[in-house]
A.B. asks: 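Before we start, here is the structure in question, set down as structure tokens.
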Amino acid sequence: MKKKILVANRGEIALRLIRAIQELGHTAVAVYETPDNEALHIRTADEAVWLGDGPRSDYLNIDKVIQAAKKTGACAIHPGYGFLAENPDFAKACEDNGIIFIGPPSNVIQALGDKVTARKIMQEAGIPLVPGTPSLAPGEAGLAEAVEFCNTHGYPVMLKATAGGGGRGIRRIDDEKQLKAEIPVARAEAKAAFANDAVFLEKLVENPKHIEVQVIADKEGTTVHLGSRDCSIQRRNQKLIEIAPSLIPDQALVDKICETAVQAAKAAKYFNAGTVEFLVDKNYNFYFMEINTRVQVEHTVTEMVTGIDIVRTQIKLALGKKLAFAQDDVQIRGYAIEVRINAEDPQNNFMPEGGKTVSVYRSPGGYGVRLDGFAYQGYTIPEVYDSLLVKLTVHGFSWNETVDRLRRCLNNFVIVGPKTTIPFYLRVIDDPDFKGGDFNTSFLDTHDYLLEYEDFTSEGNKLAHLIAEIHYRQQNPYAV
Ligand code: ADP
Ligand code: ADP
Ligand code: MG
């Protein structure tokens with residue numbers, strides 16, 4: 001039966017969700033704030049509801065989103081990632097209003113959203129963890145706990161916000177002086193960012209790989225994994241390039257990590273799609289880090305190598321269907337790489353380029369190429385949201401073929417207006433360590449020379465600039 005599903009998000013992920021809803025034959029309802037007046041997700045959806053002027057505050061307004069669903073008669077809400085996606089109060093509000101939340105139940109989001117509670121669940125289930133503390137007590141008592149932990153386990157440690165996410169609220173601590181100085185600062189930051197000042201410590205894993213596993217579970221508790229991803233290429237603890245499957249050569253180890261992820265999901269009574277994140281050290285020991293209770297930005301690489309539409313599956317499971325495939329049906333074919341093309345200037349500390357107009361936009365195509373974006377020629381990037389412009393995901397038979405395809409696509413891209421991360425990615429993928437699969441979360445710090453490149457002005461780009469100028473000025477600047 002045709003159903004109405006509300007998409008509580010914006011940008012590329014809103015489009016991704018709308019496409020899946022429409023492919024299933026359902027009706028997609030978009031919501032938007034005033035700065036998104038010109039956004040593509042409004043035009044692509046079947047209906048759109050204006051929430052307010054925002055910015056961000058209305059996408060984050062639980063009551064307004066619930067009211068939009070009620071007003072339009074939507075029976076379900078997909079939250080995407082970010083905004084309300086991991087807010088247990090939002091999932092609870094859906095439950096209380098008889099609206100299906102496309103994700104796990106609110107109590108699961110609540111438990112896993114607290115990194116310390118999640119660690120406790122995993123510890124009881126026998127999942128490997130790095131040593132860590134509970135949330136530190138307030139004031140002097142907490143400082144004493146922290147000092148004792150570090151005296152026992154040694155420096156360096158990671159100081160983390162218990163309610164943290166998106167790479168924020170994480171800092172490396174190398175000695176006691178720094179520990180004492182940073183705890184109050186971290187608390188204040190966590191309070192401002194997550195409305196919760198709890199912090200805790202974890203032993204720091206030196207130069208780890210970030211390996212994560214896509215899991216998916218139906219309401220009967222049948223849980224399968226869709227293989228691994230390597231998300232080690234990060235800046236400021238935030239992912240830039242993601243790869244599926246991981247390049248760890250020891251297949252038995254990768255299988256073990258994937259099986260542990262399923263065990264972790266089961267221990268958390270997980271339902272719907274989620275991601276179990278691990279750190280892998282240089283001796284190939286692996287440790288649970290956290291579970292993200294939503295669709296990830298990088299779900300596309302897993303879709304490319306498994307052929308499974310994760311969002312379609314999420315919706316069907318939330319509407320009450322059982323998993324249509326078993327673990328043995330999931331086959332990993334080839335490799336996929338996603339690059340997050342951000343409107344940022346990598347050479348200026350990745351400063352966002354919001355507010356600029358995309359005067360030319362030409363994207364690559366061809367075999368094994370997937371684009372999840374929302375920019376178009378003439379689109380002005382709102383300054384008030386994140387800087388992700390388009391995700392380029394390529395699929396290939398072998399690792400080398402996939403990197404070659406990515407290079408070709410990055411070279412084919414023409415974006416005139418904002419600076420982007422494209423020229424930087426072109427440098428990264430030709431780095432011998434990247435090509436050799438020899439990288440960890442320190443890659444950017446140890447390869448900062450990759451940021452030293454000539455401003456990217458291929459002949460194609462020069463021509464595109466000229467065409468854009470003619471188009472906008474309605475005259476040829478070179479005509480006499
Ligand atoms: P978030 O919720 O912000 O994603 P995570 O706990 O997943 O936070 O950590 C984000 C990133 O921070 C990881 O991918 C990794 O690069 C780094 N990190 C987190 N914990 C540790 C640790 N104990 N040792 C080393 N690096 C860590
Ligand atoms: P559909 O909506 O096409 O009926 P299902 O509910 O059967 O799909 O499954 C959801 C997703 O899982 C789809 O992307 C589909 O391609 C994938 N899928 C279904 N069956 C299998 C299978 N036996 N092996 C691998 N993937 C499958
Ligand atoms: Mg994380």
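In listed order, ligands and their atoms are each counted from 1. Bear in mind the structure is a predicted one, so any value in this text is a computation, not a measurement. Nothing fancy with the numbering, it's 1 onward along the sequence.
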A.B. asks: For ligand 1, is Arg172 a contact, meaning one of its heavy atoms is under 4.0 Å away?
C.D. replies: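 Contact absent.
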A.B. asks: Got a salt bridge between Asp218 and Lys316, using NZ or NE/NH1/NH2 to carboxylate O under 4.0 Å?
C.D. replies: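 No, no charged N to carboxylate O under 4.0 Å.
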A.B. asks: Checking a contact table here: which protein heavy atom is nearest atom 19 (C) of ligand 1, and how many Å away?
C.D. replies: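 So the nearest neighbour among protein heavy atoms is Lys160 NZ, 3.4 Å.
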A.B. asks: Please check whether Gly166 reaches ligand 1 - meaning an N/O of the residue sits under 3.5 Å from an N/O of the ligand, judged on distance alone.
C.D. replies: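 By distance alone, the answer is yes.
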A.B. asks: Out of curiosity, is Glu206 lining ligand 1, as in a heavy atom under 4.0 Å away?
C.D. replies: no
A.B. asks: Considering just N/O/S atoms, say which atom of Glu277 is closest to the Mg ion (ligand 3).
C.D. replies: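 Going by distance to the Mg ion (ligand 3), the closest N, O or S atom in Glu277 is OE1.
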A.B. asks: Could you tell me the residue and atom name of the protein heavy atom closest to atom 9 (O) of ligand 1, and the distance to it rounded to 0.1 Å?
C.D. replies: Ile170 CD1, 3.4 Å
A.B. asks: Which is the closest N/O/S atom of Glu290 when seen from the Mg ion (ligand 3)?
C.D. replies: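 The closest N, O or S atom of Glu290 to the Mg ion (ligand 3) is OE2.
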A.B. asks: Using a 3.5 Å distance criterion without hydrogens, assess whether the side chain of Arg427 forms a donor-acceptor pair with backbone atoms of Leu450.
C.D. replies: yes
A.B. asks: What's the shortest distance from atom 3 (O) of ligand 1 to any protein heavy atom, and which residue and atom give it?
C.D. replies: Gly167 N, 2.5 Å
A.B. asks: Quick one: look up the protein heavy atom nearest atom 23 (N) of ligand 1 and list residue, atom name and how far away it is.
C.D. replies: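 Of every protein heavy atom, Glu202 OE1, 2.8 Å lies nearest to atom 23 (N) of ligand 1.
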A.B. asks: Just need the protein heavy atom nearest to atom 2 (O) of ligand 1, so name the residue and atom and give the distance.
C.D. replies: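 Going atom by atom, the protein heavy atom closest to atom 2 (O) of ligand 1 ends up being Lys115 NZ, 2.5 Å.
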A.B. asks: Which ligand 1 atoms, with their elements, are less than 4.0 angstrom from a heavy-atom of Glu290?
C.D. replies: 1 (P), 2 (O), 4 (O), 5 (P), 7 (O), 8 (O)
A.B. asks: Below 6.0 angstrom between ring centroids: does that apply to Phe83 and Phe90?
C.D. replies: no
A.B. asks: Would you mind checking which non-hydrogen protein atom is closest to atom 22 (C) of ligand 1, with the distance to 0.1 Å?
C.D. replies: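 Nearest neighbour among protein heavy atoms for atom 22 (C) of ligand 1, to 0.1 Å: Leu279 CD1, 3.3 Å.
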A.B. asks: Any Lys/Arg nitrogen of Lys92 or Asp96 sitting under 4.0 Å from an Asp/Glu carboxylate oxygen of the other?
C.D. replies: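 Yes.
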A.B. asks: For atom 25 (C) of ligand 1, grab the closest protein heavy atom and report residue, atom and distance to one decimal in Å.
C.D. replies: Val205 O, 3.3 Å
A.B. asks: For the residue pair Tyr335 and Ser398, what are the closest heavy atoms and their distance?
C.D. replies: CD1-C, 3.7 Å
A.B. asks: Of Met158, Glu86, His210, which has the heavy atom at the shortest distance from atom 18 (N) of ligand 1?
C.D. replies: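 The nearest heavy atom belongs to Met158.
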A.B. asks: For residues Pro104 and Asn272, report the shortest heavy-atom separation together with the two atoms involved.
C.D. replies: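 Scanning both residues completely, I find the closest heavy atoms to be N-CB, 4.2 Å.
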A.B. asks: If you measure from the Lys or Arg side-chain nitrogens to the Asp or Glu carboxylate oxygens, is any gap between Lys391 and Glu12 under 4.0 Å?
C.D. replies: yes
A.B. asks: Are any of the side-chain nitrogens in Glu189 or Arg171 under 4.0 Å away from the carboxylate oxygens of its partner?
C.D. replies: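 Yes, Glu189 and Arg171 are salt-bridged.
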A.B. asks: So which atom in Tyr81 and which in Ala85 form the shortest heavy-atom distance, rounded to 0.1 Å?
C.D. replies: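 Taking every non-hydrogen atom into account, CA-CB, 3.8 Å.
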A.B. asks: For Asn237, take its heavy atoms, then give the atoms of ligand 1 lying under 4.0 Å from any of them.
C.D. replies: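 Near Asn237, the atoms of ligand 1 are 11 (C), 12 (O), 16 (O), 17 (C).
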A.B. asks: Give me the residue, atom name and distance of the protein heavy atom closest to atom 16 (O) of ligand 1.
C.D. replies: Gln234 OE1, 2.8 Å
A.B. asks: With rounding to the nearest 0.5 Å, note down the distance linking CD in Glu212 to CD in Glu277.
C.D. replies: 5.0 Å
A.B. asks: Atoms of ligand 1 less than 4.0 Å from Thr441 heavy atoms?
C.D. replies: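 What qualifies from ligand 1 is 16 (O).
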A.B. asks: Would you call Lys191 and Asp197 a salt bridge, using N to O less than 4.0 angstrom?
C.D. replies: no
